[in-house]
Chemist: 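Take a look at the following structure, please.
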Amino acid sequence: MLITIDNVLSKDEVQQFRQHLDRAQWRDGARTAGTLARQVKGNLEIDEDSEVAVSLGNHILRTLGNHPEFISAALPRKIYPPRFNRYTEGGAYGLHVDSALMPIPGTRDRLRSDLAATLFLAEPDEYEGGELEIETAFGAQAVKLNAGDMVLYPASSLHRVSPVTQGARVAAFFWIESMVNDDTERAMLYDLDQTIQSLGTTLDARDPRLLRLTGIYHNLLRRRAST
Ligand SMILES: O=C(O)CCC(=O)C(=O)O
Ligand SMILES: [Fe+2]
């Protein structure tokens, strides 16, 4: 399931992020890729333990922790501390698959990457190219979102970032271990939850049908979620 969530960050927040990021020190992104992905990775990243990456990353984590749609879609158990990348002219990231298990920096813990996320921090008209192309069962889907918007996609999918031919593409990217690791089951739970939320805006909160559906959602989650 591929989901976009708009306005995760406001335009003001994006502007503040960009002020910090545009002044940050960027290094070759190939250093953090696995052996195969390294050969197709052509972007820049900020050191994950730098002050700017940690403080902006924490801001994203706090925002997502209070974001009902993100929580409903991802059912997060662990979130990788967000990292930041930049593709300038000629930059691209060829077709690759993300590692399944990742050490979480600064801890002895690791995360199973069920979902991958890209939070766009440059407006589409700031650069040419730079689409995130994700292979799905229905063909490749190209994603290029407004600054502040985020895409969530199964980390199991092959994906690439097409070459940036002009300007610069800046983004935050990270992974999520979900309480429900099966993508299809998680997608159905999300669909059910969103339907209940939407019914809740028209039906009385005490409507027995709404209560029953809510009970079904929680009972399914109870069966499927591992905490
Ligand atoms: O820049 C992006 O949108 C995706 C980056 C990516 O796929 C990765 O770092 O593994
Ligand atoms: Fe990736």
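Throughout, residue positions are numbered sequentially from 1 according to the sequence presented. When a ligand or atom number is given, it counts from 1 through the structure's own listing order.
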Chemist: Inspect the contact between Arg27 and Glu45 and indicate whether a charged nitrogen and a carboxylate oxygen are less than 4.0 angstrom apart.
Modeler: no
Chemist: Below 4.5 Å, heavy atoms only, C-beta onward: do Ser156 and Val97 meet side chain to side chain?
Modeler: no
Chemist: For the Fe ion (ligand 2), give me the closest N/O/S atom belonging to Asp98, just the atom name.
Modeler: OD1
Chemist: I'd like to know if Arg31 and Asp28 make a salt bridge, using a cut-off of under 4.0 Å between side-chain N and carboxylate O.
Modeler: no
Chemist: Give me the nearest non-hydrogen protein atom to atom 1 (O) of ligand 1 as residue plus atom name, then the distance to 0.1 Å.
Modeler: Tyr87 OH, 2.7 Å
Chemist: So which N/O/S atom does His96 have closest to the Fe ion (ligand 2)?
Modeler: NE2
Chemist: Within ligand 1, which atoms have a heavy atom of Asn85 less than 4.0 Å away?
Modeler: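 Once the distances to Asn85 are compared, the set is 1 (O), 2 (C), 5 (C).
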Chemist: What verdict does the ring pair (Phe, Tyr, Trp, His ring centres under 6.0 Å) test give for Phe17 and His59, after you've listed the backbone C-alpha separation in whole Å, the side-chain angles of each residue and the deciding distance to 0.1 Å?
Modeler: CA-CA 10 Å; Phe17 269 54; His59 185 104; 5.5 Å; yes
Chemist: Does the N or O separation between Glu45 and ligand 1 drop below 3.5 Å for any pair?
Modeler: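 There is no such contact.
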Chemist: Taking Phe174 as the fixed residue, which of Thr118, Ile79, Leu115, Leu111 is the one that meets the side chain to side chain contact (heavy atoms under 4.5 Å, CB included) rule?
Modeler: Ile79
Chemist: Do His159 and ligand 1 have an N or O pair less than 3.5 Å apart?
Modeler: yes
Chemist: Give a yes/no verdict on whether any heavy atom in His96 is under 4.0 Å from an atom of ligand 1.
Modeler: yes
Chemist: Heavy-atom pairs closer than 4.0 Å: do any link ligand 1 to the side chain of Arg83, the backbone, both, or neither?
Modeler: neither
Chemist: Do Ile176 and Phe70 have side chains that get closer than 4.5 Å, going by heavy atoms?
Modeler: yes
Chemist: Closer than 4.0 Å to some heavy atom of Asp98 - which atoms of ligand 1 meet that?
Modeler: 10 (O)
Chemist: Phe173 heavy atoms, cut-off 4.0 Å: which ligand 1 atoms fall inside?
Modeler: 9 (O)
Chemist: Below 4.0 angstrom from a heavy atom of Thr118, which ligand 1 atoms are there? Numbered from 1 as shown, please.
Modeler: 2 (C), 3 (O), 4 (C)
Chemist: Just how far is it from atom CG of Leu56 to atom CD1 of Ile46, taken to the nearest 0.5 Å?
Modeler: 7.5 Å
Chemist: So if I count the atoms of ligand 1 from 1 in the order they appear, which ones are less than 4.0 Å from some heavy atom of Arg169?
Modeler: 1 (O), 2 (C), 3 (O)
Chemist: Start with the C-alpha gap between Asp193 and Ser72, add the side-chain angles, then the distance that decides, and say whether side-chain hydrogen bond (donor to acceptor under 3.5 Å, both in side chains) holds.
Modeler: CA-CA 7 Å; Asp193 187 39; Ser72 169; 2.8 Å; yes
Chemist: For a salt bridge (Lys or Arg N to Asp or Glu O under 4.0 Å) with Glu123, tell me which candidate from Lys144, Lys11, Arg18 qualifies.
Modeler: Lys11
Chemist: Between Asn43 and ligand 1, find which residue part has any heavy-atom pair under 4.0 Å and reply side chain, backbone, both or neither.
Modeler: neither
Chemist: Which residue owns the protein heavy atom closest to atom 8 (C) of ligand 1, what's the atom, and how far is it?
Modeler: Tyr93 CE1, 3.4 Å
